[in-house]
Amino acid sequence: HDSENRQVLHTACRDIFSNTPLNLEATFRAKEQLVCLRRFLDDLEQGTIVNHRGESFTTMVQVGIGGSDLGARALYLALKRYRLPDRSARFIANVDPDDAAGVLTNLDLSRTLINVVSKSGTTLETLTNERLVRSALEGAGLDPALHMVSVTGEGSPMDDPKRYRASFHMFDFIGGRYSLTSMVGGVTLGFVLGYNGFVEVLRGAHAVDTVAEERDIHANLPLLMALIGIWNHNFLGYETVAVLPYSQALQRFPAHLQQCDMESNGKSVTRGGHGVNYLTGPIVWGEPGTNGQHAFYQLLHQGTTVVPVEFIGFRQSQYERDLEVSGTTSQEKLVANMLAQSLALAQGRNSENPNRRFAGNRPNSVLITDRLTPYSMGALLALYENKIVFQGFSWNINSFDQEGVQLGKILAIRLPDELAAKNEGNQG
Ligand code: G6Q
């Protein structure tokens with residue numbers, strides 16, 4: 001049967017550090033885009049790209065949805081600590097007009113660059129929001145051509161230099177939800193973190209891509225995580241997995257993983273087109289701790305549904321603005337809470353009183369590193385990307401189609417079209 005027949009070359013964006021890239025052409029093209037990005041960022045820095053008053057740009061608004069939004073947004077929040085002085089980003093995704101209105105409120109449009117990101121250049125939400133932002137710029141007496149840049153597929157309807165001050169390309173050989181390390185994340189993250197900051201993200205991702213090639217399972221962390229996930233899901237029958245970062249900066253990372261994992265592995269036919277008779281991708285969800293402890297952890301400890309948990313923690317804080325209270329810093333309290341939760345889930349607690357009894361034996365893993373930096377963020381991202389890909393291989397499904405999303409896109413056009421015809425009839 002036909003599939004979208006996509007190549008899976010997101011790792012080519014990181015293979016720039018390798019002497020033997022897997023796909024020379026893809027890596028060459030990824031490098032070309034990095035050169036364009038560097039030039040663009042230098043021009044911003046040196047005051048060659050400025051607004052009509054000769055002032056620098058301080059904010060970038062990324063307009064895009066799904067794979068053209070979630071990862072860049074999650075990493076921006078994760079790495080905001082490292083932003084250049086006077087640089088920040090905002091994001092508009094939803095076609096809900098209140099999303100755009102909320103973002104544009106109190107924004108100095110004259111110092112803002114709008115970065116429209118769409119691989120296909122045809123997504124309803126993004127095209128609608130582009131028009132909306134364009135008209136906001138015009139309404140403020142600004143020339144959209146000076147304020148808009150784009151990231152899109154070569155030859156897409158958005159690949160139009162007349163409409164954008166600068167344009168970057170993303171490639172057909174990289175799926176949307178895996179595209180964060182291409183220009184989809186590169187332009188906004190580069191604007192905020194600087195070129196070197198973005199390259200550090202790539203470097204961290206490349207390090208884990210290399211680990212993913214290890215043949216020894218014990219040395220191959222993404223493979224180990226994939227196999228533990230399969231054990232919990234297929235052998236023990238647990239249907240969901242919670243990713244619980246003990247870092248507020250990772251607040252949107254579970255949402256990015258939700259897309260990457262569920263869109264990739266939410267499939268029910270094999271690559272040969274036969275129905276599967278086993279579970280494929282789990283339901284992925286999560287929120288940062290300790291906040292979650294005061295909310296849904298009750299169910300994790302004592303609910304009838306067992307939820308495997310993946311904890312993520314850091315020994316040091318990002319800002320290091322911490323205080324010792326009652327003998328420990330806040331960061332120490334944060335990590336201690338994570339470890340205590342992990343132990344409690346595993347060990348449980350016996351009590352005469354059934355209300356206070358915890359069964360234990362609830363599977364969880366703890367992933368811990370020194371600090372959330374561009375490098376470790378890139379590594380974390382690639383860890384999960386590789387895990388998801390390994391699970392897709394194991395289930396023998398095509399993790400790189402997204403027919404369910406495509407159906408949504410068709411439906412999203414059909415009904416509004418009928419509504420538009422009706423509106424026109426009413427006006428007539
Ligand atoms: C990701 C999916 C999907 C896609 C969005 C936006 O893998 O394909 O989430 O990224 O629908 O698509 P465009 O980038 O084409 O606007």
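Every number for a ligand or one of its atoms is a count from 1 in the order of the listing. Note that the numbering runs from 1 along the sequence shown for the chain.
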Considering only NZ, NE, NH1 and NH2 on the basic side and carboxylate oxygens on the acidic side, decide whether [X] and [Y] come within less than 4.0 Å.
| X | Y | value |
| --- | --- | --- |
| Arg29 | Glu32 | no |
| Arg6 | Asp401 | no |
| Glu320 | Arg81 | no |

Discussion item. Ignoring hydrogens, what is the shortest heavy-atom contact between Lys119 and Ser156? Give both atom names and the distance.
Written reply: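 Minimum heavy-atom contact is O-CB, 3.9 Å.
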
Discussion item. On a heavy-atom basis, which atom in Ile217 and which in Leu227 lie closest, and how many Å separate them?
Written reply: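 Heavy-atom minimum between the residues: CD1-CD1, 3.8 Å.
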
Worksheet item: If you count only heavy atoms, which residues are under 4.0 Å from ligand 1?
Response: Ile65, Gly66, Gly67, Ser68, Ser118, Lys119, Ser120, Thr123, Gly176, Arg177, Gln259, Glu263, Gln402, Lys409

Item to complete: Give, for atom OG of Ser268 and atom OH of Tyr278, the distance between the pair rounded to the nearest 0.5 Å.
Response: 10.5 Å

